[in-house]
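Taking it in order: structure first as structure tokens, then the write-up.
Letters A, B, ... mirror the listed sequences (proteins, then strands); counts begin at 1. From a predicted model like this one, the values you see are computed outputs, not experimental measurements.
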Protein chains: 2
Amino acid sequence: MQAFVLHFGEMGSRWGINRTVGQICALLFLSGRPLPADEIAEALGFSRSNVSMGLKELQSWRLVRLQHLPGDRREHFSTPDDVWQIVRTLAEERRRRELDPTLSVLRDLLLDKVASPEDRHAHARMREMHDLLELITRWSEDIQKLETDQLVELIRLGGRVVRLLELKNRLPLIGRGGKAGAGDKADDSRPTDESSFDEDLMS
Amino acid sequence: MQAFVLHFGEMGSRWGINRTVGQICALLFLSGRPLPADEIAEALGFSRSNVSMGLKELQSWRLVRLQHLPGDRREHFSTPDDVWQIVRTLAEERRRRELDPTLSVLRDLLLDKVASPEDRHAHARMREMHDLLELITRWSEDIQKLETDQLVELIRLGGRVVRLLELKNRLPLIGRGGKAGAGDKADDSRPTDESSFDEDLMS
DNA sequence: TCGTCTTTTCAGAAAAGACTGAAAGTTGAA
DNA sequence: TTCAACTTTCAGTCTTTTCTGAAAAGACGA
């Protein structure tokens, strides 16, 4: 447990969240029961107030839930039981905090007039970035709608699709170069090379 | 350009990379041509040596390439032309730096003997975490094998699948047997409960 | 080889961030 | 209402990270 908690402390500090927060989260995750702040402070060797800060932060990430145990006035904290739930919450929160604001900045910038040829290039780059982030945002929103077991299957499916394509590439006699395929997405108007992929998949 | 660079500086500092590095990367991305270190320093208002550090860091992330322009002794730097390439490199590098070490720690910890019932629970949690991370690692390795346009299609496909399932749920007359799926979890190898998901998809 | 142009390194200044103890705030039972 | 149990806040300290200028190291042409 020691090692796990310390590792996630380190990991935490590579991300936005700091060591304290990482460790608290790891501890709560491993612990079989909700813990009160003072036990956390004792277990990790942090000051009580530091733990209080950390817990507040974790709550803002929706990673810990506060609950009251009968016969104990102290507040107890716990992470969700399901690892997948934790990861999903984390992903969603990161999207909200990082992707969304970035997209919003990009949208604004794309409204500006292009003047110099230097700007022209920069503008085009921003659009590419914008489109990419929008695609990912949309995808992650969709993903969030799935039940966890469906999500797991979708991930496995992804892997299988890749391996399938890979296999196909090794047997070039089957791969004819296809066209076809009706409109798709549309939102970015360019005639993406379309077809090939889903057609291959579905066949 | 100003705004874009500043924004990515901020974003950078929320991630592991620092403001300087984020700004340098953003600047190179927007700039239509490779830039020498001193131009970067001037454009961003950092000291020459700071830029040198930043570039070194960016190179360790494989996000910038060094090149020599004819007739100029200075080294020039540029990001890949393709946004997708950048994001993919970033993802791969993060996996290497964050997921892999974590998995390795978890694997080690899972070898330890379980003693107390407290440990029992912690052990189980670590296993869940391990399995999840392994699934994601595998998936991301698979994903990396695709050409960019295939990847884009796969992402779109994912979204479409979700919307399809969602639609199906809204028309319960079609949806026979809910949930399904016997054992889930567990490593891989065995014939995963298979069916339910992809069968639904393919039909 | 030297001299010039360029990059890297590094010790320490400056800034940012984490952490603490003390004090103020909150809550619920009596 | 008061008190004790508990939580939060915050000013200040300590730690870490970032950034700089000066100096060393490297590269190239003459």
- Query: Yes or no on side chain to side chain donor-acceptor pair (under 3.5 Å) for B:Gln85 and B:Thr89, after CA distance, side-chain angles and deciding distance?
  - Reply: CA-CA 6 Å; B:Gln85 192 47 56; B:Thr89 303; 3.3 Å; yes
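Contact footprint of chain A on DNA chain C: nucleotides with an atom under 4.0 Å from a non-hydrogen protein atom, first to last in 5' to 3' order, C:dA18 to C:dT27.
Using a 4.5 Å heavy-atom threshold, the side chains of B:Ile40 and B:Leu55 count as touching. Put simply, the side chain of A:Leu106 does not reach to within 4.5 Å of the side chain of A:Glu134, judged on heavy atoms.
Note on A:Ser49: every side-chain N or O is 4.0 Å or more away from OP1 and OP2 of D:dT8. Put simply, B:Arg48 has no side-chain N or O that comes within less than 4.0 Å of OP1 or OP2 on D:dG21. Between D:dT9 and A:Lys56, a contact under 4.0 Å exists linking OP1 or OP2 to a side-chain N or O.
Within the structure, side chain to side chain donor-acceptor pair (under 3.5 Å) contacts touching residues 11-24 of chain A (residues at least two apart or in different chains) are A:Trp15-B:Glu98.
Under the side chain to side chain donor-acceptor pair (under 3.5 Å) rule, B:Ser140 has a single partner from B:Arg94, B:Glu92, B:Arg95, which is B:Arg95. Paired with A:Val105 under the rule side-chain contact (heavy atoms from CB on, under 4.5 Å), one option of A:Leu109, A:Thr102, A:Asp108 passes, and it is A:Leu109.
Summary of the strand contacts: B:Phe77 and A:Val51 both lie near DNA chain C, and taking for each the nucleotide with the nearest heavy atom, the more 5' one is attributed to B:Phe77. Each of A:Pro36 and B:His68 was assigned the nucleotide of DNA chain D with the nearest heavy atom; the assignment lying further toward the 5' end belongs to A:Pro36.
Between B:Arg74 atom CZ and D:dG26 atom C1' there is a gap of 17 Å when expressed in whole angstrom units. Look at CE on B:Met53: it is 16 Å from P on D:dA22, rounded to the nearest Å. Distance CD (B:Glu57) to C1' (D:dT17): 12 Å, rounded to an integer number of Å. Atom CD1 in A:Ile40 sits roughly 15 Å away from atom C1' in D:dT8 (whole-Å rounding). The distance between atom CD1 of A:Ile24 and atom P of D:dT7, rounded to the nearest whole Å, is 13 Å. Between the P atom of D:dC19 and the CD1 atom of B:Ile17 lies a distance of 12 Å, rounded to the nearest Å. Following rounding to the nearest Å, A:Arg14 (CZ) and D:dT17 (C1') show an atom-to-atom distance of 15 Å. In this entry the distance linking CG of A:Asn50 with C1' of D:dC10 reads 13 Å, nearest Å.
Salt bridge A:Arg138/A:Asp142: absent, no basic N to carboxylate O contact under 4.0 Å.
Atom OG in A:Ser60 sits 6.5 Å away from atom CD in A:Glu93 (nearest 0.5 Å).
Over its full length, the helix from C:dT1-D:dA30 to C:dA30-D:dT1 turns its helical axis through 20°, comparing axes from the five pairs at each end and rounding to 10°.
Residue contacts shown for A:Arg73 include a base, since a base heavy atom lies under 4.0 Å away.
Taking a 6.0 Å sphere around NZ of B:Lys145, one finds it holds more than 12 heavy atoms contributed by other residues, nucleotides or ligands.
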